[in-house]
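Reviewing the structure listed below.
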2 protein chains.
Amino acid sequence: MFEQLVCSFWMVFNRGMNNADRHRLIAQAVKDSGSATVPDLAGLTGASEMTIRRDLDTLAAQGVLERFRGGARTLLLRGQEPPFALRAHEALDAKRRIAAEVARLIADGETVLLDSGTTCLDVARLLHGRAVTVMPLSLQAIHTLSDAAPATTLVVPGGRPRSGEGALTGPLTLASLAALRFDTAILGCCGLSAAEGVTAYDLDDAAVKKAIIASTRRVIAAADGSKLGRTAHAYVGPSSLVHTLVTDTSAAAEEVAALEQAGTAVITA
Amino acid sequence: MFEQLVCSFWMVFNRGMNNADRHRLIAQAVKDSGSATVPDLAGLTGASEMTIRRDLDTLAAQGVLERFRGGARTLLLRGQEPPFALRAHEALDAKRRIAAEVARLIADGETVLLDSGTTCLDVARLLHGRAVTVMPLSLQAIHTLSDAAPATTLVVPGGRPRSGEGALTGPLTLASLAALRFDTAILGCCGLSAAEGVTAYDLDDAAVKKAIIASTRRVIAAADGSKLGRTAHAYVGPSSLVHTLVTDTSAAAEEVAALEQAGTAVITA
DNA sequence: CTTTTCAAACACAAGACATGTTCGTTACGA
DNA sequence: TCGTAACGAACATGTCTTGTGTTTGAAAAG
């Protein structure tokens with residue numbers, strides 16, 4: 001009887017479940033326990049085993065997990081960044097609010113450098129059709145803006161895209177950045193704190209972020225509350241390099257205060 | 001009565017009409033007579049006036065024509081290249097066969113430069129997943145190959161995309177080409193003849209093609225029969241720069257012979 | 001001010017997509 | 001080597017998106 005109740009609850013709960021939601025649920029379950037079997041996941045999500053297998057194939061192709069016969073195990077190491085495809089569906093509201101605030105800070109006619117990351121991708125969507133010149137550092141943002149001409153001018157940097165992420169890195173990217181100057185950079189940082197400064201998950205990424213900062217007059221960082229006070233692997237520079245930080249209400253007050261102390265203007269969207 | 005016959009013929013004829021087909025038909029009609037009214041086009045295509053208006057808006061956004069109240073007029077000057085969105089749906093079979101032949105000429109492990117154009121886009125589709133390193137010079141091809149990792153290595157050149165076309169040009173593109181060397185280039189030429197050499201519609205494009213040729217050991221030109229013997233505006237170089245030409249059966253025999261005389265190997269797909 | 005053209009709103013049909021089921025094939029363990 | 005479990009392909013079903021046509025009110029041209 002209780003079983004039935006739970007079951008019907010799931011059914012109702014799952015009415016609005018998108019396949020992206022199910023993917024997140026599966027990825028979370030696999031990450032938490034290290035591995036999971038197909039029947040387990042089918043029970044958890046209420047979907048059939050065939051659907052779970054298809055999902056696992058998709059997630060394996062995204063590099064989220066590794067298939068084995070009967071289930072899947074996690075590939076994510078502790079402290080590593082979850083793949084782009086999953087992050088894109090997390091904290092949607094916060095990202096969207098932050099992106100809207102960032103877009104408001106951009107004036108028409110400006111030249112803008114757009115970093116990689118999910119929040120910056122949202123900014124790209126809002127910049128679509130605006131009278132600005134944009135050089136995005138991710139394939140996704142380039143694609144988003146590719147049909148925005150002639151109002152929006154798109155400049156493509158060279159580089160090698162990181163798998164899954166779409167972030168452009170490498171010598172070609174650095175050369176493109178070195179050859180140009182911009183009014184404003186939108187930086188999507190992985191970690192930001194007054195004590196540890198701006199940090200990125202990846203060394204190549206950190207090099208690109210350094211070059212971004214060197215090529216622009218004004219640096220705007222877009223980071224939801226979870227990024228504040230966090231420290232990632234690769235050091236980019238002190239937090240004072242960031243002129244303006246746009247974050248959301250989940251940001252820790254003491255960290256915000258410390259950043260403001262260090263000279264960064266903080267806007268809570 | 002004859003009217004009815006014609007009408008029913010159109011109805012039958014239009015059964016399989018895609019909206020791309022209708023777009024081509026409309027663009028052709030507008031180009032041929034310089035301008036056309038909405039009711040005219042509705043009669044011609046068998047679609048409603050509302051659909052025609054939507055089509056005209058789409059085509060106007062693509063730069064094919066210019067709207068005016070009640071109809072549209074052509075924007076294409078004599079001898080100018082029709083826009084990408086239309087070319088993409090012309091001579092599909094020939095393009096596909098040519099692309100297949102070109103893809104067969106590429107060996108695994110090669111580094112490949114991929115020019116812009118519709119035929120090269122088809123080559124990109126066939127290269128997807130192959131164990132090659134590709135640097136495409138169009139946004140569309142980049143997008144096509146963006147999820148081909150890790151088997152296929154994608155390198156993105158810098159540059160500014162030409163509106164509609166997606167072809168990357170400008171100093172950033174030339175710099176990217178100058179910094180790298182490739183085994184094979186797939187050149188999509190606008191005009192090719194033994195007498196006039198390789199020609200492009202656009203000056204910037206011609207500069208890029210020159211740089212492409214300078215950066216590669218082997219140049220393969222992909223051009224359907226209509227391009228042979230034709231001359232476009234901007235000169236790229238003599239036909240002898242092209243080591244191999246892949247074309248289709250519609251190619252004029254004397255032009256093929258002349259190109260072979262000049263040192264180009266010709267493959268008819 | 002009248003007529004024509006347009007665009008937004010709604011309705012409808014066709015196709016695409018996601019999901020579940022069945023069944024034959026493959027891989028692992030006893 | 002055999003038996004069982006897992007898998008993938010093929011098909012069926014329901015839902016959702018997309019394209020198209022119709023209607024109606026608004027805007028523009030004369």
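Throughout, a chain's letter reflects where its sequence line sits, starting with A, and its residues are numbered from 1. Note that the coordinates shown come from a computational prediction; the quantities given were computed from them, not determined experimentally.
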Less than 4.0 angstrom between a side-chain N/O of [X] and OP1 or OP2 of [N], yes or no?
X     : N      : value
A/R69 : C/dT26 : no
B/R67 : C/dC6  : yes
B/T51 : D/dG21 : yes

[N] [atom2] sits how many Å from [X] [atom1], rounded?
X     : N      : atom1 : atom2 : result
A/D57 : D/dA6  : CG    : C1'   : 12 Å
B/F68 : C/dT4  : CZ    : C1'   : 14 Å
A/I52 : C/dT21 : CD1   : C1'   : 16 Å
A/E49 : C/dC23 : CD    : P     : 17 Å
B/R53 : C/dT5  : CZ    : P     : 8 Å
A/D55 : D/dC7  : CG    : P     : 13 Å
B/D40 : C/dT4  : CG    : P     : 16 Å
B/M50 : C/dA11 : CE    : C1'   : 15 Å

- Message: If you only use heavy atoms from C-beta on, which nucleotide in D/dG21, D/dT20, C/dG20 is closest to the side chain of A/S48?
- Response: C/dG20

- Message: If you go through the side-chain atoms of A/R54, does one of them form a donor-acceptor pair with the base of C/dG20 closer than 3.5 Å?
- Response: yes

- Message: Within the 4.5 Å heavy-atom criterion, are A/E165 and A/L139 side-chain neighbours or not?
- Response: no

- Message: Any carboxylate oxygen within less than 4.0 angstrom of a Lys/Arg side-chain nitrogen, looking at B/R97 and B/D248?
- Response: no

- Hey, are A/D57 and A/R54 close enough for a salt bridge, meaning a charged N less than 4.0 Å from a carboxylate O? no

- Query: Any side-chain donor-acceptor pair under 3.5 Å between B/D55 and B/T58?
  - Reply: no

